[in-house]
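Chain letters run A, B, ... following the sequence lines, proteins first and then strands; every chain starts at 1.
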Amino acid sequence: MKFSYNWLAEHIDGLTVPPAEIGKLITMKTAECEGVEAHGAHFDHVVIAKVLTAEPIPGTHLSVASVDTGRYGVKQVVCGAPNCRAGMLTAYVPPGQLGVTTAKLRGVDSEGMLASAKELGISAEDEGIIEFADGEPGAAIAGCTADTIVEIDNKSLTHRPDLWGHHGMAREVAAIAGRPLKPLGVELPAGDPAVEIEIRDAKLCPRFSALRFENVTVQASPLWLQQRLESVGLNPINNIVDVTNYLMAELAQPMHAYDAAKLQGGKIIVRVAEDGEQCPALNGQTYTLDSSHLVIADAGGPVGIAGVIGGGPSAISESTTTILLEAANFHAASIRKTSTKLKLRTDASMRFEKSQDPVNTVRALARAKGLLEQVSPGIRLVGGLADLYYPLPEVAPISFDLTWMRRKLGKPDLTAAEVTGILKSIAFGVTEVDGQFTVTVPSWRATKDVSLKDDLVEEVGRMIGYGNLTPVPPLVPSVVPPLPPERAYLRGLRQLLTAQGYTEVYNYSFVNEVQAAELGLPIEDHVRVVNPIAQGQELLRTSLLPNIKRNINDNAKEYESFRLFEIGKEIHARGRELPEEIPHLAAVSFEKHRDGVANLFELKRLAGTVVPGCTVEPVEARPFEHPFRSAQVILRNEAIGRLFEFHPSLVETGRAAVLDLDLTKVQALRPAAGKYKPLRRFPTSAFDLTVPTAERELAGTVLGFIREHSGPLTLDVRYLYDYTGDKGRSMTFRITLGAADRTLTGDEVTAIRSQLLAAVAAKYQ
Amino acid sequence: MIETQLSELAAATEARIAAVTTADELEAIRVEVLGRKGKLAEVSKDMGKLSPEQRGVVGKLLNAAKQTLENALTARKTGFDEAALAARLEREWVDLTAPAAGAGLGSLHPLTQIQAEIEDLFVSLGFTVLDGPEVETEFNNFDALNIPPDHPARDMQDTFWLSNGHLLRTHTSPVQVRGMKKLGPPLRMIAPGRVFRNEEVDASHEHTFYQLEGMMVDKDVSVAHLIYFMKTLLSAIFKRDVTVRLRPGYFPFVEPGFELDIQCLICGGTGCPVCKQSGWVELLPCGLVHPNVLRLGGIDPEVYSGFAFGLGMTRLVMMRYAIDDIRQLQGGDLRFLTQF
């Protein structure tokens, strides 16, 4: 929201803070200022000038004018405007302003420029150079002044309905600067209500106020009004509409003017729309409404969408002679819902959704009457104020004591007088007895913003200035924080993976349907994003692998081989409950030119490193896995993940081995630290055993068989090597035997060996 | 007779020992002369035929010859051994500038690194570290934080809504609610994590980024405590003394709410392009926990108060490493990631 310094200053008695400093003051005490910029600095230099002569330059659309500029003397200016003619009064911009220079145009000397309203920054009018009805050459343009515009971040005004107008901001600036705020003239003459009002739901519309005027002249606003609107980003339209916009920008009260002649019946009805009801709006669109929308209606139907936009047919036009001027108050959430649903955010809806003050409607109408009398000479009020008002429940006075306020702020030397002074400066009512405060809230802060004593801590704190608080170390118990073990586990795991050469990637929690389909992950298993704004965000990942696959193919373009990992959450739908989020590790070893076996075994070793004691068992491959290179990882008889190679058809070039572990299971199944085992005191005996096997026999199976048949004195069975020769394949194992209480005799060892040989022979020969 | 024979043998053998060129030749001489069936052994066999007097003389001569030859052999053998070792070592020359086999050290993601660093700081100050889900209830993400439906503050955070009726958390603040319920007062907690905003992605905007929520609840926690704490913490994070300032900021779950700025670390406050000439850089939102939020967390606001803050970790990472494109952080490009 843009604020004009001049406008603010008009409301403050004796403001001396210079324009350059006001942004910083507002930032530190009230709301975030995003920028301060000069507006219309040229008005200090631009003068009214009389065109003495204007001769066309042959062969061009230009003319050369001799102008009496008063202050700057008689100047020769080349002008392209069709309306440039001798005798007219227009605006002269001297060289050095608005980028104007002294130049030769088409061989003719030109010093300065004759300007249009648009070039001057008064309005959008650029049909020709501006024309004045009267004025002395050399005089400044009446009503147009240099100004400073302060832009405040709208987000920081979300809670402050009053700061959506200059008057509210002026109150803040006055309090900060320690100057009084000037009172608003808000008297209205008494009279019979000029229109009948019916409000069907007082919650949605607590107040509707209106005035009727006749003998209206619709014309362009005076320049000062146009410039003011232009300076805060509002477009001047005509004098009537401009007055409503001016008051919206001044009092934060959106208003609407109807062409009274075009309203049907003698009554204004505020009601919810009927389903399917249509409302043609000011912006040329027709909106189809339903019962969640509030409308202003006459006998013929909706004439406006309440708090959002006025109707088209009853809009002010050049032929308008009587108007009905509305200032109403609407329920914030309802307006917000409507504007969101219709995708129509207007200056009005933006203000109403902040919970505007219903007291404001009559103030705005009173101000409007005065302004309309200025901009539409001869205008007359018909009757008196029409006003239907269902006051909101009052905010109870807020009580607190000084000690409490001191403790909240951490300012033990805060005095009751300081608190009282601050609160009164921003219009709170204050009673204080021995440090016990009772505070009443002004209506414009009571709609939502302030209702608790904590809200007053902010008011006092910001006005004191947080920089005036002395930082104090908190007194807290010295306790060892209860730290969740998974934090330490995950941190150790990451360290271990990087030590093994793996680099960490972060991927999005999103996958798209194509990615999921590519891996054969059922689309319907995914939690879906209802409102994605970009492609690739439609599903939440049920597996890290789709994005990991993308990492593989992306990095394969740059690297011959690489290792990477991600620790992230799989998100599994659980109906209407919150989904289950399972942390997973996905590690990849990629090699462009070899057969991929080494990568698989590297990851098998990694599995054994991160999950000591895990084993690997072949398993039926999933569609995205190499059908003959896929296994599950087992810990204490439970599957904790997969070890596989990506199906070569999914990897553009090269081989990608993957280890995917469920870290919840890994942590749950990790053995607890056990007791120490005394070291063996007696020597062990070992012998090697070679087992002839089928070509695709599994080493793990044979090893398990040996372990099972080698008796209780077996300490270790170790796979030594594998050999394939003329007689087929064989595997050699080393079996180590021993007892805790004695050295085994040669006979004992021989007996065990014979028994094992017999068992192996029976099975494998 | 035998003496002559012995001295000739000794002299001839000594000459041969001196002349050999290989260790094998030397070994052959040792076997031939000093071996169990060697020439000296033969001589000693003949000693039995001698008189005891002669035997004594010859015995001495024999031992002397044996000693001399053994010394000569050892000396040459040592020479050959040393030469052989030297030759072997020379053959074992290695080019150590060649690359090492196996995997080098991998890299941790810069966000992981900065998160660990900040977690450690907080833990040293007695904070516990909590985790929260990426998918949250609308209640925890908004309502419990004093942002009811149709509140305009919901506009501040463009939200991804989900088919199951829930949403992707737009901030780590819902963990405040979870933390209060889990820990009870007094408490000190942080919750780092991934958050989501439904925005278009470009070099400076991401739909997925990282925050760290912090909260301290105790009796009599004040704004002055908050300022002290943030100054201490930020000085530790930036590894130098920082100047902070608080100014009003609106966040519905705190009252009063602040924007915390630090004096620009680039220009020291005199104004530069980084701080847009203001001398200050907006760093984090914070405030005293709103009584409604405490109440929803099961804590009595008449007894306890607290402060809360949200640190943008993605922003910190980008500041620390001067990263100018936020998309790199989740792009999975190893050329980027291996730099950290």
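- Annotation: the span from B:Ser163 atom OG to A:Arg576 atom CZ amounts to 8.0 Å, rounded to 0.5 Å.
- Comparing A:Gly461, A:Pro473, A:Gly501 by how many heavy-atom pairs each has under 4.5 Å with chain B, the most go to A:Pro473.
- Contact tally against chain A (heavy-atom pairs below 4.5 Å) for B:Ile227, B:Asp261, B:Thr232: the top residue is B:Ile227.
- Look at A:Lys557 and B:Asp333 and you find no salt bridge, because none of the NZ, NE, NH1 or NH2 atoms lies under 4.0 Å from a carboxylate O.
- Considering all non-hydrogen atoms of both residues, A:Gly410 and B:Ala224 come closest at O-CB, 3.5 Å.
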Determine whether B:Ser107 and A:Glu504 satisfy the following criterion, side-chain hydrogen bond (donor to acceptor under 3.5 Å, both in side chains), listing intermediate values before the conclusion.
CA-CA 6 Å; B:Ser107 300; A:Glu504 186 178 26; over 6 Å; no
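- No donor-acceptor pair closer than 3.5 Å links the side chain of A:Thr498 to the backbone N or O of B:Gly106.
- Neither the backbone nor the side chain of A:Val480 comes within contact range of chain B; no heavy atom of the residue lies under 4.5 Å from a heavy atom of that chain.
- Looking at B:Met216, the atoms closer than 4.5 Å to chain A (heavy atoms on both sides) all sit in the side chain, from C-beta outward.
- Options B:Leu111, B:Asp218, B:Thr208, B:Thr112 differ in how many heavy-atom pairs under 4.5 Å they form with chain A, and the most are formed by B:Thr112.
- The part of B:His290 that comes within reach of chain A is its side chain, from C-beta onward, which places non-hydrogen atoms under 4.5 angstrom from that chain.
- Ranked by heavy-atom pairs under 4.5 Å with chain B, the first of A:Glu486, A:Lys24, A:Arg406, A:Glu577 is A:Glu577.
- Neither the backbone nor the side chain of A:Glu459 comes within contact range of chain B, judged by heavy atoms closer than 4.5 Å.
- At least one side-chain heavy atom of B:Arg188 sits less than 4.5 Å from a side-chain heavy atom of A:Pro477.
- Between the side chain of B:His207 and the main chain of A:Ile533, no donor-acceptor pair closer than 3.5 Å is present.
- A:Asp454 touches chain B through backbone and side chain together, each having a heavy atom under 4.5 Å away.
- Side-chain contact annotation: B:Tyr250 with A:Glu458, donor-acceptor N/O pair under 3.5 Å absent.
- Heavy-atom contacts from other residues, nucleotides or ligands closer than 6.0 Å to CZ of A:Arg550 number 12 or fewer.
- Of the listed residues (B:Gly287, B:Pro186, B:Ala116), the one with the most heavy-atom contacts under 4.5 Å to chain A is B:Ala116.
- The CG atom of A:Asn555 lies 3.5 Å from the CG atom of B:Leu334; values are rounded to the nearest 0.5 Å.
- Within the 3.5 Å criterion, the main-chain N or O of A:Pro481 finds no donor-acceptor partner in the side chain of B:Thr128.
- Interface remark: of the candidates A:Ile548, A:Asn507, A:Leu540, A:Asp455, A:Asp455 forms the most heavy-atom pairs closer than 4.5 Å to chain B.
- Only one option out of B:Phe336, B:Tyr210, B:Phe340, B:Phe209 pairs with A:Tyr506 in a ring-ring contact (aromatic ring centres under 6.0 Å, His included); it is B:Tyr210.
- When the candidates A:Val529, A:Leu564, A:Asn551 are compared by the number of heavy-atom contacts under 4.5 Å with chain B, A:Val529 comes out ahead.
- Ion pairing between B:Glu255 and A:Lys408 fails under the 4.0 Å rule for side-chain N and carboxylate O.
- For A:Glu32, the parts lying under 4.5 angstrom from a heavy atom of chain B are both the backbone and the side chain.
- By the 30° and 60° cut-offs, the orientation of the rings of B:Phe196 relative to A:Phe510 is perpendicular.
- Proximity of B:Glu259 to A:Thr27: side-chain heavy atoms (C-beta onward) are nowhere separated by under 4.5 Å.
- Scanning all heavy atoms of the two residues, the minimum distance from B:Pro248 to A:Tyr466 falls at N-CE1, 4.3 Å.
- For B:Leu226, no part lies under 4.5 angstrom from a heavy atom of chain A.
- Listed options B:Ser305, B:Pro252, B:Pro291 were ranked by heavy-atom pairs under 4.5 angstrom with chain A; first place goes to B:Pro291.
- Side-chain contact check for B:Ser222 versus A:Val472: every heavy-atom pair is 4.5 Å or farther apart.
- The environment of B:Tyr228 atom OH is sparse: at most 12 non-hydrogen atoms of other residues, nucleotides or ligands sit within 6.0 angstrom.
- Per-residue counts of heavy-atom pairs under 4.5 Å with chain A were compared for B:Gly331, B:Gly249, B:Gly102, B:Pro192; the largest is that of B:Pro192.
- Atom NZ of A:Lys337 has 12 or fewer neighbouring heavy atoms from other residues, nucleotides or ligands inside a 6.0 Å radius.
- For a residue to count as touching a neighbouring chain, one of its non-hydrogen atoms must lie under 4.5 Å from one of that chain's; by this rule B:Pro285 does not touch chain A.
- Identified by a heavy-atom distance below 4.5 Å to chain B, the contributing residues of residues 487-494 of chain A are A:Arg487, A:Arg491, A:Arg494, in residue-number order.
- Chain A forms the most heavy-atom pairs under 4.5 Å with one residue out of B:Leu125, B:Leu329, B:Asn292, B:Leu168, and that residue is B:Leu168.
- Only the side chain of B:Leu288 comes within less than 4.5 Å of a heavy atom of chain A; its backbone N, CA, C and O stay farther away.
- Here the CG-CD distance, from B:Leu105 to A:Gln495, works out to 9.0 Å after rounding to the nearest 0.5 Å.
- Listed here is the closest heavy atom pair of B:Glu134 and A:Glu581: N-OE1, 2.8 Å.
- Heavy-atom distances place no part of B:Asp158 under 4.5 Å from chain A, backbone and side chain included.
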Under the side-chain contact (heavy atoms from CB on, under 4.5 Å) criterion, do B:His166 and A:Val527 qualify, and how do the steps go?
CA-CA 10 Å; B:His166 302 298; A:Val527 177; over 6 Å; no
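- Contact of B:Glu302 with chain A is made through the side chain alone, with heavy-atom distances under 4.5 Å.
- Proximity of B:Asn164 to A:Pro579: side-chain heavy atoms (C-beta onward) are separated by under 4.5 Å at one or more points.
- When each of A:Glu566, A:Arg462, A:Met28, A:His159 is scored by its heavy-atom pairs under 4.5 Å with chain B, the top score falls to A:His159.
- Proximity to chain A (any heavy atom under 4.5 Å) is restricted, for B:Phe258, to the side chain, taken from C-beta onward.
- Side chain of B:Asn198 to backbone of A:Asn531: a donor-acceptor contact under 3.5 angstrom is found.
- At most 12 heavy atoms of other shown residues, nucleotides or ligands fall within 6.0 angstrom of atom NZ in A:Lys155.
- Side-chain atoms of B:Arg194 and A:Ser509 form a donor-acceptor pair, as typed in the model, at a separation below 3.5 Å.
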Kindly indicate, with the supporting measurements, whether the criterion side-chain contact (heavy atoms from CB on, under 4.5 Å) is fulfilled by B:Leu108 and A:Tyr502.
CA-CA 9 Å; B:Leu108 285 177; A:Tyr502 291 78; over 6 Å; no
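- For A:Leu578, the parts lying near chain B are the backbone and the side chain together; criterion is any non-hydrogen pair under 4.5 Å.
- The choice from A:Val457, A:Leu475, A:Leu409, A:Val479 that makes the most heavy-atom pairs within less than 4.5 Å of chain B is A:Leu409.
- Both the backbone and the side chain of B:Phe160 come within less than 4.5 Å of a heavy atom of chain A.
- Only the backbone of B:Thr159 comes within less than 4.5 Å of a heavy atom of chain A; no side-chain atom from C-beta onward does.
- Between B:Arg247 and A:Lys29, every side-chain heavy-atom pair lies at or beyond the 4.5 Å cut-off.
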